[in-house]
Amino acid sequence: MSVGGPGRDDVRPPTVAGPGGTDRRAVRAAVFLGPAEGLRIEELLLDPPGPGEVLVRILASGVCHSDLHVVDGDWERPVPVVLGHEGAGIVEAVGRGVGARPGDPHVGDLVVLAWTAPCGMCPACARGEGFLCLDPRGADHRRAADDVRLRRSDGTPIGAYSGIGTLATHQVVAVEAAIPVDSALPADQAALLGCAVATGVGAVTRTARVAPGESVVVIGLGGVGLSAVMGAVLAGAGLIVAVDRVAAKLERARDLGATEVVLAGDATATRATILDLLPGGADHVLEAIGLAATAELALELVRPGGTVTLVGMTPQGIRAGVDVYAFVDRAIRLLGSNYGSAIPAETFPELARHAVAGRLPVGRLVEERIRLEDLPDAFGAMRRGDGARRVVVFEPPAT
Ligand SMILES: NC(=O)c1ccc[n+]([C@@H]2O[C@H](COP(=O)([O-])OP(=O)(O)OC[C@H]3O[C@@H](n4cnc5c(N)ncnc54)[C@H](O)[C@@H]3O)[C@@H](O)[C@H]2O)c1
Ligand SMILES: [Zn+2]
Ligand SMILES: [Zn+2]
């Protein structure tokens with residue numbers, strides 16, 4: 001059933017008796033049907049949490065370009081799937097076995113949801129690289145028959161993007177994906193920790209490991225790039241040059257601590273302007289858009305021996321060119337940064353502490369709080385580069 005219209009968030013979702021005596025909960029969610037059919041707000045039925053799972057009432061879900069990549073057909077994903085991977089909420093119920101381990105969430109906790117929930121046991125996890133986990137909980141967008149928790153009333157299984165599908169009033173997720181954080185943090189800010197902030201801050205502090213006093217160029221100032229600017233400030237960087245093609249983004253970056261801003265235009269002019277600010281090149285350049293052209297530009301802006309960190313993600317299959325002679329001769333280091341090298345169980349509480357203490361002004365990333373029905377407009381604004389993060393906020397249920 002397709003539903004819409006404002007005010008529905010005020011209604012406590014009813015529970016529906018399911019097979020085997022389980023109580024399924026009615027939830028509203030943004031379901032992606034495929035590049036041709038697009039998005040639809042639907043009412044679905046959600047299973048109760050099984051062993052090792054938690055039921056989360058989502059309070060807020062940011063809109064990230066990684067959702068837009070799926071909507072625009074840049075990335076192939078199995079459909080139908082509930083979109084959203086940048087969310088926070090309150091734990092409403094826990095399944096068997098949850099609560100036994102230190103750090104497990106409890107009913108009533110504010111949790112940030114992780115789009116890679118490490119298994120803790122595979123070789124990548126053993127190396128301390130949980131973001132590269134080979135067997136993450138919620139893999140394949142919870143499409144396996146025994147993994148699907150959401151269905152239409154006719155029984156059609158619906159996946160959850162990255163296992164968490166946060167653009168929904170409720171979700172059942174693996175316990176490893178639900179990380180308790182300081183409840184003093186407002187929910188819309190907590191949501192942003194789950195992708196933009198973990199990705200952007202972590203790209204600077206954990207992947208590139210920017211040292212105090214080093215110079216940093218950030219190309220692309222969406223939620224991820226602006227978070228990289230915040231990360232550069234947190235790391236004690238010296239010159240922080242923020243680059244975007246939209247002037248309003250430059251103001252936002254200045255507000256977050258960028259020391260210089262550059263309005264991107266023609267590539268040659270942009271390169272010259274940045275190199276005027278940083279003769280010899282920057283210690284670090286981060287690309288946070290996902291374009292081959294700006295990835296190539298990044299390689300031309302770094303000093304010999306400096307580090308380029310690619311954070312933005314292109315449509316699948318896009319290649320960028322490297323001048324191999326110059327790359328080797330100048331001993332450039334080129335890194336890909338996945339999820340800001342986050343270990344969610346450690347990284348999210350730490351980011352929350354920084355935010356609550358005012359060291360990460362996450363609230364300044366929030367452009368607008370919107371309703372689920374406003375998602376198409378939010379995606380339209382994102383395509384134009386208009387505004388920082390838009391965050392879907394779900395009203396608390398009536399008591
Ligand atoms: N590596 C990861 O783990 C990871 C995680 C999350 C998101 N991402 C990716 O990071 C990228 C950024 O995500 P976002 O949500 O911040 O996106 P966004 O759309 O909010 O921001 C992109 C920014 O780039 C600017 N831009 C676009 N073209 C430009 C150009 N030619 N020159 C200068 N600026 C330009 C836009 O004005 C906008 O401010 C996306 O590709 C997303 O998929 C990667
Ligand atoms: Zn994201
Ligand atoms: Zn693992």
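Positions are given from 1, in the same order as the sequence printed here. Both counts, for ligands and for their atoms, begin at 1 and track the order of listing. Hydrogens, waters and symmetry mates are skipped; everything else that's a heavy atom, side chains included, is used.
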Requested in this report: Identify the heavy atoms of N338 and F131 that sit nearest to each other, and give their distance.
Outcome: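 Nearest heavy atoms, N338 then F131: O-CD1, 3.6 Å.
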Report task. Quick one: closest heavy-atom pair of D182 and A184, and the distance? Result ->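 Heavy atoms of D182 and A184 come nearest at OD1-N, 2.8 Å.
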Requested in this report: Check which protein N, O or S atoms are less than 2.8 Å from the Zn ion (ligand 2) and report how many there are.
Outcome: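 Atoms of protein N, O or S type lying less than 2.8 Å from the Zn ion (ligand 2) total 3.
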With the threshold set at 4.0 Å, does a side-chain nitrogen-carboxylate oxygen contact exist between [X] and [Y]?
X: R252; Y: D255; answer: no
X: R25; Y: E92; answer: yes
X: E373; Y: R28; answer: yes

Requested in this report: Could you tell me which residues satisfy ring pair (Phe, Tyr, Trp, His ring centres under 6.0 Å) with H354, sequence neighbours excluded, listed by chain and number?
Outcome: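 Per chain and number, H354 pairs via ring pair (Phe, Tyr, Trp, His ring centres under 6.0 Å) with no residue.
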Query raised in the report: Any side-chain heavy atom of R57 within less than 4.5 Å of one from H170?
Result: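 The answer is yes, as the side chains (C-beta and beyond) meet within the 4.5 Å cut-off.
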Query raised in the report: Going by heavy atoms in the side chains, are R101 and V175 under 4.5 Å from each other?
Result: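 Sidechains of V175 and R101: in contact.
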Requested in this report: Before giving the answer on salt bridge (charged side-chain N to carboxylate O under 4.0 Å, His left out), spell out for D377 and R390 the whole-Å C-alpha distance, their side-chain angles and the decisive distance to 0.1 Å.
Outcome: CA-CA 10 Å; D377 293 340; R390 288 182 169 79; over 6 Å; no
Query - Cluster check V217, L299: I/L/V/M/F/W/Y, side chain < 4.5 angstrom - result: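 Result: yes, single cluster for both.
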Query raised in the report: Are L221 and I274 linked, directly or through other ILVMFWY residues, by side chains that come within less than 4.5 angstrom of each other?
Result: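 Per the 4.5 Å side-chain linkage, L221 and I274 are not co-clustered.
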Query raised in the report: Between the side chain of D244 and the main-chain N/O of V246, is any donor-acceptor distance below 3.5 Å?
Result: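 Confirmed, D244 side chain pairs with V246 backbone.
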Query - Approximate separation, where rounding is to 0.5 Å, of E42 CD and T156 OG1 - result: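 Answer for the CD-OG1 pair, E42 versus T156, is 8.5 Å.
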Requested in this report: Collect the protein residues that have a non-hydrogen atom under 4.0 Å from ligand 1 and hand them over in chain and number order.
Outcome: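 Correct list: C64, H65, S66, H69, W75, W115, C195, T199, G220, L221, G222, G223, V224, D244, R245, V246, K249, A264, A288, I289, L291, V311, G312, M313, S337, N338, Y339, M382, G385, R389.
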Query raised in the report: Which residues and atoms, protein N, O or S only, are under 2.8 Å from the Zn ion (ligand 3)?
Result: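 Hits for the Zn ion (ligand 3) below 2.8 Å: C119 SG, C122 SG, C125 SG, C133 SG.
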